[in-house]
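A note on names: the letters A, B, ... follow the listed sequences, proteins ahead of strands, and every chain is numbered from 1. When reading the values below, keep in mind they use all heavy atoms of this one structure, side chains included, and skip hydrogens, waters and symmetry mates. Since we're looking at a predicted model, the values are computed, not measured.
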Amino acid sequence: MPELPEVETVVRTLRPLIVGRRILNAEFTQLRILRGGAQETSAALAGRRIQGIERYGKFIAIVLDKGYLMVHLGMTGKLLVNSAASKWTHAVFTLDDGVVHYDDPRQFGRVEYGDELPARVLALGPEPLEVSLDDFAAALKLRRSPIKAVLLNQAVVRGVGNIYADEALFRAGVLPKSPSDSLTRARVKRVYEAMQAVLREAIESRGSSVANYVDAEGRKGGFQLLHRVYQRTGEPCLKCGTPITRILVAQRGTHFCGKCQK
DNA sequence: GTTGTTACCTGTACGC
DNA sequence: TGCGTACAGGTAACAA
């Protein structure tokens with residue numbers, strides 16, 4: 001499931017391949033993944049030149065000479081350059097040099113064209129690797145939900161998902177159910193530093209390939225080999241040997257060590 | 001405004 | 001082998 005490090009990897013691999021190219025044609029075969037009408041979107045995209053590609057949390061913004069093509073990969077979305085189409089190819093962008101496919105088996109992702117960045121993207125919280133400790137601490141103090149749920153809240157920080165929330169809380173030694181506003185400053189600082197460290201290391205490893213994540217060139221990431229708690233239910237904690245526990249927090253599978261995390 | 005719940009969707013794993 | 005079922009989770013919509 002693509003979270004910040006996976007989306008960042010997609011953006012980095014996509015950038016040299018498509019920036020500067022012109023979109024000749026855009027075709028949508030599964031309308032579920034498209035926000036807006038297919039004909040209107042195709043008409044708006046035809047002839048546009050790609051000027052850049054940016055990431056806003058888990059959203060990908062393809063910056064055009066007029067407007068933005070927004071892509072959210074959902075759970076299983078992929079943007080693939082010059083690959084063969086599959087039964088899950090729902091959109092095809094033909095460029096003046098090459099072709100980009102949007103593939104998505106579960107169809108949780110979305111593609112959208114607009115003149116401006118969508119309001120829901122502008123409403124996102126700060127980037128977790130850019131937010132200051134003071135701002136992060138203030139946002140946590142405002143909320144009583146479990147810290148895990150708060151980390152998943154894209155209005156608090158944008159881009160953290162289930163994998164990195166679990167991994168960050170393990171490294172910080174903080175229980176996922178701890179009420180956000182109950183954390184001491186020292187524990188907030190540990191969560192902040194762990195979150196940034198996990199995200200930086202995952203970006204270096206080109207993301208985590210669980211399920212079927214690959215980057216724009218079809219390559220898998222490597223960070224799944226470094227997960228310490230995520231999807232390790234029942235396996236021994238790498239620090240103390242206690243079996244990793246799995247519970248539900250915010251309706252999400254949540255993995256932690258009951259001894260190392262307080 | 002926050003908080004919690006549910007729907008969306010299909011490949012995969014598992015039990016029988 | 002084949003079938004039924006549970007599970008995975010990011011976002012948005014909704015209720016409270």
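Partners of Tyr68(A) by ring pair (Phe, Tyr, Trp, His ring centres under 6.0 Å), not counting sequence neighbours: none found. Evaluation of the ring pair (Phe, Tyr, Trp, His ring centres under 6.0 Å) rule for Phe136(A) yields Tyr192(A) as partners, not counting sequence neighbours. Not counting sequence neighbours, Glu27(A) has no partner by the salt bridge (charged side-chain N to carboxylate O under 4.0 Å, His left out) test. By the ring pair (Phe, Tyr, Trp, His ring centres under 6.0 Å) test, Phe223(A) is found to be paired with Tyr164(A), His227(A), residues two or more places apart in sequence or in another chain being considered. Every side chain to side chain donor-acceptor pair (under 3.5 Å) that Arg206(A) has, sequence neighbours left out, goes to Asp215(A). Applying the ring pair (Phe, Tyr, Trp, His ring centres under 6.0 Å) rule to His90(A) yields no partners; only residues at least two apart in sequence or on another chain are considered. Arg48(A) meets the side chain to side chain donor-acceptor pair (under 3.5 Å) test with Asp65(A); sequence neighbours excluded.
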Contacts table for residues 114-126 of chain A: side-chain donor-acceptor under 3.5 angstrom, sequence neighbours left out:
| from | atom 1 | to | atom 2 | distance (Å) |
| --- | --- | --- | --- | --- |
| Asp115(A) | OD1 | Lys66(A) | NZ | 3.4 |
| Arg120(A) | NH1 | Glu112(A) | OE1 | 2.9 |

Result block: side-chain N/O donor-acceptor pairs under 3.5 angstrom for residues 137-151 of chain A, not counting sequence neighbours:
| from | atom 1 | to | atom 2 | distance (Å) |
| --- | --- | --- | --- | --- |
| Lys141(A) | NZ | Asp181(A) | O | 3.1 |
| Arg143(A) | NH1 | Ala139(A) | O | 3.3 |
| Lys148(A) | NZ | Asn162(A) | OD1 | 2.6 |
| Lys148(A) | NZ | Asp166(A) | OD1 | 2.7 |
| Lys148(A) | NZ | Gly253(A) | O | 3.3 |
| Lys148(A) | NZ | Thr254(A) | OG1 | 2.8 |

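Contact annotation: His72(A) side-chain N/O to dT11(C) OP1/OP2 distance is under 4.0 Å. Distances shown here put every side-chain N or O of Tyr230(A) at or beyond 4.0 Å from the OP1 or OP2 atom of dA8(C).
Within 4.0 Å of Gly253(A), counting heavy atoms only, lie sugar-phosphate atoms of the nucleic acid but no base atom. Residue contacts shown for Arg158(A) are absent, as no nucleic acid heavy atom lies under 4.0 Å away.
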Between N or O atoms, less than 3.5 Å apart, protein on one side and nucleotides 10-14 of chain B on the other: list the pairs.
| from | atom 1 | to | atom 2 | distance (Å) |
| --- | --- | --- | --- | --- |
| dT10(B) | OP1 | Gln107(A) | NE2 | 3.1 |
| dG11(B) | OP1 | Trp88(A) | NE1 | 3.2 |

Give every pair of a protein N or O atom and an N or O atom of nucleotides 12-16 of chain C that lie under 3.5 Å apart, one pair per line with the distance.
| from | atom 1 | to | atom 2 | distance (Å) |
| --- | --- | --- | --- | --- |
| dA12(C) | OP1 | Arg120(A) | NE | 2.8 |

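Near DNA chain C, meaning a heavy atom under 4.0 Å from it, residues 135-156 of chain A has Gln154(A) in order of number.
Between the side chain of Glu167(A) and the backbone N or O of Tyr230(A), at least one donor-acceptor pair lies under 3.5 Å.
Rounded to an integer number of Å, the gap from CD1 of Ile247(A) to P of dA8(C) is 13 Å.
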